[in-house]
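Heavy-atom basis, side chains included; hydrogens, waters and symmetry copies ignored. Residue numbers count from 1 along this sequence.
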Amino acid sequence: MSALFPDSFDVVVVGAGHAGCEAALAAARLGARCLLATINLEHIAALSCNPAVGGLAKGHLVKEIDALGGEMGLNTDATGIQFRLLNQGKGPAVWSSRAQVDIDRYPARMARVCAAQANLWLLDDEVKGLVVEQGRVAGIRPGRGGEIKARSVILTTGTFLRGVIHVGLNQTRGGRYGDPPADALSRQLKELGFNVGRLKTGTTPRLDAASLDLAGLPEQPGDHNPRMFSFLNKQPVLPQRVCWLSHTTEATHELIRDNLDQAPMYAGVITGVGARYCPSLEDKVVRFPDKSSHQVFLEPQGLDSPLIYPNGIPTSLPAEVQAKMVRTLPGCERAEIVRPGYAIEYDYCDPRDLTPWLESKRLGGLFMAGQINGTSGYEEAGAQGLWAGINAARLARGQEPVVLDRSRAYLGVLIDDLVTKGTKEPYRMFTSRAEFRLTLREDNADLRLTPLGRELGLVDDARWADFSAKRERVERALELLAQVRLNPTGETNGRLAELGSASLRRPHTAEEVLRRPGMNLAALATLHPALEELAGLEPEAAEQVEIKTVYAGYEQREREQVERFRAKEAVPLPPDLDYQDIEGLSHEVKQKLSQVRPASLGQAARISGVTPAALAVLQLVLHRREQAPPPE
């Protein structure tokens with residue numbers, strides 16, 4: 001952390017969760033003088049819910065953060081105690097990495113990284129409000145008084161805006177367990193005209209590991225040769241741990257049904273909308289009455305932690321009901337709850353009021369990232385934070401904003417979904433949200449995005465050299481596969497027979513043979529002297545070559561779809577276009593276009609309710625504007 005607290009900053013980041021850390025580090029690494037202000041410096045990058053990073057589609061986001069030069073992947077690798085690649089039985093487009101991380105080591109390392117970062121200052125204080133001058137944000141008002149000037153401000157407030165914690169019918173004010181809420185800032189946002197809504201999320205009880213009987217439960221180990229999140233790392237740093245698999249029982253469900261009147265969601269106490277894809281256990285029992293059991297993963301919170309996180313049973317039932325409920329789970333018959341699960345309600349702002357670079361349309365210089373935009377999850381927050389930090393720093397330096405479209409990254413899909421469609425429930429990333437997911441794979445995030453990270457200034461020389469060498473090896477191998485021809489000789493066909501592959505009847509390129517089921521580079525290298533160098537490729541490069549070869553035809557078709565997509569994205573819609581004055585548009589379409597103010601024809605097409613006929617009207621309007629004589 002830099003010394004000599006400045007009088008003003010280029011960027012102030014409010015909140016030091018996963019979005020805030022990525023935003024502050026990105027801005028500082030790009031040369032902006034940045035302040036990271038948080039209500040409790042001891043809880044930087046806290047893992048408020050589960051002690052894990054990644055998961056289905058979320059792993060893609062972490063890989064993209066790393067490829068662009070962010071910190072989450074590096075932090076996960078340094079503190080991970082179990083790594084697994086999910087969906088290995090399916091195609092590479094939906095492979096997703098997940099890691100259990102040490103709940104104490106993860107935030108501690110991130111705090112050290114932030115403290116050591118040049119151009120970054122830390123402030124332990126609640127931000128009571130924004131300084132607004134002439135329709136733009138001009139700084140913040142700390143709780144201790146006075147003003148701190150800034151050219152741009154990034155709000156990454158998580159669940160702190162008017163946060164309320166629910167355990168049964170008991171309520172306490174808080175942004176998370178042990179931290180106060182941020183009420184004043186939420187009130188100001190409403191006064192400034194922001195569209196503020198209410199969401200809800202929750203977490204599970206924490207169990208004393210010594211009170212559990214884990215010996216009789218099925219173990220879930222990590223992968224034997226784990227895949228790291230950062231493209232710079234090859235293996236874990238910490239000792240690895242197993243998890244255990246339990247499940248709910250009919251007794252669990254009966255207990256929940258008998259106590260629904262004490263669940264705040266069903267008693268009408270909570271008004272915020274909960275996460276559809278991460279429901280509380282009460283929600284699962286009510287919504288899936290025919291299901292007699294739900295999986296529960298018993299996950300250690302760290303190497304030195306005495307606690308177990310029972311993944312799969314987030315709940316806000318009364319503490320005494322939770323105690324009985326947990327003891328209906330196999331292996332947990334004598335479980336002691338150290339801290340009960342809880343639900344938390346908080347305010348968020350409609351993300352449709354943001355630009356595609358995450359700057360507010362209502363208040364220039366104000367950026368938002370993370371749960372304030374209606375998302376859920378550390379990974380979605382970190383990805384938004386990185387992008388907001390990049391663009392806030394660029395704004396402070398007088399540079400144009402950078403937009404990442406949905407054909408280039410899951411991060412682009414995430415932001416486009418938010419600013420175009422908005423959300424009325426906590427948004428979670430899924431592979432199904434990405435229409436170009438075959439080319440937006442986890443494994444090629446560096447090939448897709450590291451050149452952009454280098455161009456922006458976040459990728460340092462060491463990472464760039466490592467990436468360039470890998471890219472060169474992949475390109476060389478692909479060229480070799482296209483050039484080398486294998487003839488149907490007795491020697492070649494004999495070796496193919498040994499490999500369990502059919503004989504050649506005509507000459508084939510090595511590329512064609514590699515596409516055969518069960519074939520890989522190591523085996524292919526034994527078929528021709530010119531291919532022997534392929535046997536020495538490191539696993540990451542070899543995987544790239546194999547995937548690109550096997551899926552070449554599918555990737556080509558997807559690239560053609562991307563070109564058509566980008567053609568629409570390249571048609572800009574003027575920011576001063578008055579949709580209310582356009583004849584031929586319905587009242588609904590006018591209203592939605594006026595609210596979102598899409599940057600391009602492509603973005604307009606993705607707004608719910610904007611029909612092909614409406615798009616044709618917009619194209620006609622654009623054509624007439626182009627043909628109109630310039631004003632005298």
Side-chain angles (χ1 to χ4, degrees), residues 2 6 8-14 19-36 64-65 67-71 117-121 130-131 133-140 148-156 353-369 373 382-409 411-412 414-416 418-419 448-461 463-464 566 569-570 572-576 597-600 603:
S2 303
S8 65
F9 293 87
D10 296 316
V11 179
V12 169
V13 180
V14 180
C21 289
E22 292 293 347
L25 289 170
R29 289 167 178 173
L30 291 177
R33 291 191 306 175
C34 183
L35 174 67
L36 179 58
E64 292 180 351
I65 291 170
L68 286 163
E71 195 65 32
Q117 178 61 51
N119 300 320
L120 180 57
W121 287 259
L130 303 172
V131 178
E133 296 176 358
Q134 298 179 337
R136 294 187 61 83
V137 71
I140 60 168
I148 297 176
K149 294 292 187 179
R151 296 184 180 181
S152 60
V153 174
I154 307 174
L155 296 183
T156 65
D353 289 338
L354 299 175
T355 65
W357 52 93
L358 297 180
E359 184 180 8
S360 171
K361 298 173 185 175
R362 295 178 178 273
L363 191 61
L366 180 66
F367 294 77
M368 296 183 179
N373 291 340
Q384 293 172 71
L386 176 74
W387 209 246
I390 289 170
N391 279 305
R394 292 178 68 84
L395 176 67
R397 293 157 65 179
Q399 297 174 314
E400 290 296 312
V402 182
V403 175
L404 192 63
D405 73 50
R406 58 191 300 125
S407 71
R408 291 193 68 179
L411 173 52
L414 167 65
I415 294 174
D416 185 66
L418 292 173
V419 304
R448 289 186 282 115
L449 295 174
T450 296
L452 174 60
R454 179 69 170 180
E455 180 185 335
L456 293 172
L458 282 179
V459 171
D460 61 23
D461 292 343
R463 181 185 285 269
W464 183 247
R566 288 181 175 167
E569 296 299 300
L573 290 173
D576 62 344
R597 301 213 63 80
S600 68
Q603 186 185 2

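By the salt bridge (Lys or Arg N to Asp or Glu O under 4.0 Å) test, Arg406 pairs with Asp416, Asp417, Glu435, sequence neighbours left out. Judged as a salt bridge (Lys or Arg N to Asp or Glu O under 4.0 Å), and not counting sequence neighbours, the contacts of Asp353 are Arg362. For the side-chain hydrogen bond (donor to acceptor under 3.5 Å, both in side chains) test, residues two or more places apart in sequence or in another chain that qualify with Ser600 are Glu569. Not counting sequence neighbours, the partners of Gln603 by the side-chain hydrogen bond (donor to acceptor under 3.5 Å, both in side chains) test are Thr420. The side-chain hydrogen bond (donor to acceptor under 3.5 Å, both in side chains) test applied to Glu22 returns no partner, not counting sequence neighbours.
Shortest non-hydrogen contact noted between Val459 and Arg454 is O-NH1, 3.0 Å. Contact detail for Ala150 and Val12: the closest heavy-atom pair is CB-CG2, 3.6 Å. Closest approach of Trp464 and Pro451 over heavy atoms only: CZ3-CA, 3.7 Å. For the residue pair Ile154 and Ala23, the shortest heavy atom distance occurs at CD1-CB, 3.9 Å. Across Val419 and Pro356, no two heavy atoms sit closer than the pair CG2-CA, 4.3 Å. In terms of heavy-atom proximity, Ala28 sits nearest to Ala118 at CB-O, 3.5 Å.
Between Leu354 and Leu418, the closest side-chain pair of non-hydrogen atoms is not below 4.5 Å. Taking the side chain as every heavy atom from C-beta outward, Cys34 and Asn119 never approach each other to under 4.5 Å. Side-chain contact between Leu130 and Leu155 is present, with heavy atoms from C-beta onward closer than 4.5 Å. For the pair Arg566/Arg408, a side-chain contact is recorded, criterion being any heavy-atom separation below 4.5 Å from C-beta on.
Side-chain atoms of Arg29 never come within 3.5 Å of backbone atoms of Leu458 as a donor-acceptor pair (strictly under, hydrogens ignored). A distance-only check finds no donor-acceptor pair linking the side chain of Ser360 to the backbone of Phe367 [under 3.5 Å]. Using a distance-only test at 3.5 Å, with no hydrogens or angles considered, no donor-acceptor pair links the side chain of Glu133 to the main chain of Ala138. No donor-acceptor pair under 3.5 Å is formed between the side chain of Asn391 and the backbone N or O of Glu359. Judged purely by atom type and a 3.5 angstrom limit, Ser152 uses its side chain to pair as donor or acceptor with the backbone of Asp10. Looking only at distances, a side-chain donor or acceptor of Arg33 sits under 3.5 Å from a matching main-chain atom of Ser8.
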task: Take Leu449 and Leu411 through the test side chain to side chain contact (heavy atoms under 4.5 Å, CB included) and record every step on the way to the result.
output: CA-CA 11 Å; Leu449 295 174; Leu411 173 52; over 6 Å; no
- request: Step by step, work out the side chain to side chain contact (heavy atoms under 4.5 Å, CB included) result for Arg136 and Val153.
  value: CA-CA 10 Å; Arg136 294 187 61 83; Val153 174; over 6 Å; no
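Considering CG of Leu386 and CG of Leu456, their distance stands at 9.0 Å, rounded to 0.5 Å.
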Would you list the atom pairs, donor with acceptor, under 3.5 Å between side chains in residues 392-404 and any protein atom, with sequence neighbours excluded?
from	atom 1	to	atom 2	distance (Å)
Arg394	NE	Glu400	O	2.7
Arg394	NH2	Glu400	O	3.1
Arg397	NH1	Leu30	O	2.4

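A salt bridge between Arg597 and Asp576 is absent, with no side-chain N of the basic residue lying under 4.0 Å from a carboxylate O of the acidic one.
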